[in-house]
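Single-structure report; data block below.
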Amino acid sequence: MAEGHESADSRAERTADVVDEQAVELAYRPKPADTLVGLQVRQRIKRWGLLLRTVFLVLWVGQWLLGTINRGSVDVVSTVLFLFVVAVVAGYPRLQAAQVQRLVGWQGEYRTVVSAAGITTSSDHSTLIQKWSVLQGYRETRGHFVLLSRDPNIMYIEVIPKHGLSTPDDVDRLRALLDRHSTRV
């Protein structure tokens, strides 16, 4: 058989697989914790944000230490600024998750359908339809599937919380769908 051509039997098997593959439906209200997980996954994959935050924090620690050593005592203003910077750098993902929650929380319950055609997410106010080609892959966490966009900056993430599934069997079905149409990253 010539390379690049497939037999009618293999086409029929592949078609039967897709037909047998049922869509997985979810219903959930987005929570700040869901968004936070998505942002943390994005940050781990992207790494630049983590690197920049670490460099920024190291520079502030160095500035504070050098100032303290040069003066021979701890300066209250420098210490307060230092602690403020540490709090902002450490809390930034939570602040970002809270901001995203304000954008999506008012839309109420979300209904997501994951099928061979792609992912459709709708609320009372909007509908988003995505083909699999939009995604570079997904990462599974203990309570979520996080879908990541293909663009270099991963500007779009979709968090699919497992608590939105109807039955425990749906987790395996959803994982199978994601494995079939996307890659784990």
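Just so you know, these numbers come straight off a predicted model, no measurement behind them. Heads up: numbering here begins at 1 and tracks the sequence.
- Counting only distance, with no hydrogens or angles, the side chain of T183 and the backbone of Q136 share a donor-acceptor pair below 3.5 Å.
- Between the D34 side chain and the K31 main chain, a donor and an acceptor come within less than 3.5 Å of each other.
- Note that the CG atom of L174 and the CG atom of L178 stand 4.5 Å from one another [nearest 0.5 Å].
- What you find for G137 and S182 is that their closest heavy atoms are CA-OG, 3.1 Å.
- In terms of modelled atom types and a separation under 3.5 Å, the side chain of R139 and the main chain of V185 share a donor-acceptor contact.
- Hydrophobic cluster membership is shared by V77 and W60, with clusters built from Ile, Leu, Val, Met, Phe, Trp and Tyr side chains linked at under 4.5 angstrom.
- Residues S166 and E25 fail the side-chain proximity criterion, which asks for heavy atoms closer than 4.5 Å.
- The line from CG of L135 to CG of L147 is 5.5 Å long, rounded to the nearest 0.5 Å.
- Contact between S78 and R71 at its shortest, heavy atoms only, is OG-NH2, 3.7 Å.
- Note on V86: it does not cluster hydrophobically with V88, by side-chain heavy-atom contacts below 4.5 Å among ILVMFWY residues.
- No donor-acceptor pair under 3.5 Å is formed between the side chain of E109 and the backbone N or O of A27.
- Side-chain heavy atoms closer than 4.5 Å link hydrophobic residues (I, L, V, M, F, W, Y) into clusters, and following such links, even through other members, never connects V100 to Y92.
- Proximity of T68 to S73: side-chain heavy atoms (C-beta onward) are nowhere separated by under 4.5 Å.
- Side-chain atoms of R150 come within 3.5 Å of backbone N or O of S133 as a donor-acceptor pair.
- Counting heavy atoms from C-beta outward, W64 and T79 have side chains that approach closer than 4.5 Å.
- A 4.5 Å side-chain heavy-atom check between V55 and L59 finds at least one atom pair inside the cut-off.
- Remark: the D151 side chain and the S149 side chain contain an N/O donor-acceptor pair separated by less than 3.5 Å.
- At least one side-chain heavy atom of V171 sits less than 4.5 Å from a side-chain heavy atom of F145.
- Under the 4.5 Å side-chain heavy-atom criterion for grouping Ile, Leu, Val, Met, Phe, Trp and Tyr, L26 is not connected to L128 through any hydrophobic cluster.
- At distances below 3.5 Å, at least one donor-acceptor pair connects side-chain atoms of R42 with backbone N or O atoms of I154.
- With salt bridges taken as basic N to acidic carboxylate O contacts below 4.0 Å, one links R175 and D172.
- Panel note: side chain K162, backbone T141; a donor-acceptor pair is recorded below 3.5 Å.
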Could you walk me through whether V114 and T112 pass the side chain to side chain contact (heavy atoms under 4.5 Å, CB included) test, one step at a time?
CA-CA 7 Å; V114 181; T112 298; 4.1 Å; yes
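- To the nearest 0.5 Å, atoms NE2 (H144) and CD (E140) are separated by 11.5 Å.
- The heavy-atom pair separating P32 from A97 by the smallest distance is O-CB, 4.0 Å.
- Side-chain atoms of E158 and T121, non-hydrogen and from C-beta on, do get closer than 4.5 Å to each other.
- By the 30° and 60° cut-offs, the orientation of the rings of Y28 relative to Y110 is parallel.
- You'll find the side chain of L39 stays beyond 4.5 Å of the side chain of V37, heavy atoms only.
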Please test L148 against Y156 for side chain to side chain contact (heavy atoms under 4.5 Å, CB included), starting from the C-alpha separation and ending with a verdict.
CA-CA 6 Å; L148 304 155; Y156 176 77; over 6 Å; no
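- The side chain to side chain donor-acceptor pair (under 3.5 Å) with S123 is formed by just one residue from the set R29, R111, Q107; it is Q107.
- There is no path of hydrophobic side-chain contacts, each under 4.5 Å, that joins V159 to V24.
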Decide side chain to side chain contact (heavy atoms under 4.5 Å, CB included) for V85 and L81; before the verdict, give the C-alpha distance in whole Å, the side-chain angles of both, and the deciding distance to 0.1 Å.
CA-CA 6 Å; V85 167; L81 282 174; 5.5 Å; no
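- W132 places a side-chain N or O within donor-acceptor distance of the main-chain N or O of A116, the cut-off being under 3.5 Å.
- Going from atom CZ of F82 over to atom CG of L57 covers 6.5 Å, rounded to the nearest 0.5 Å.
- From I119, atom CD1 reaches atom CD of Q130 across 5.5 Å, with rounding to the nearest 0.5 Å.
- T120 OG1 to I129 CD1: the interatomic distance, rounded to the nearest 0.5 Å, is 5.0 Å.
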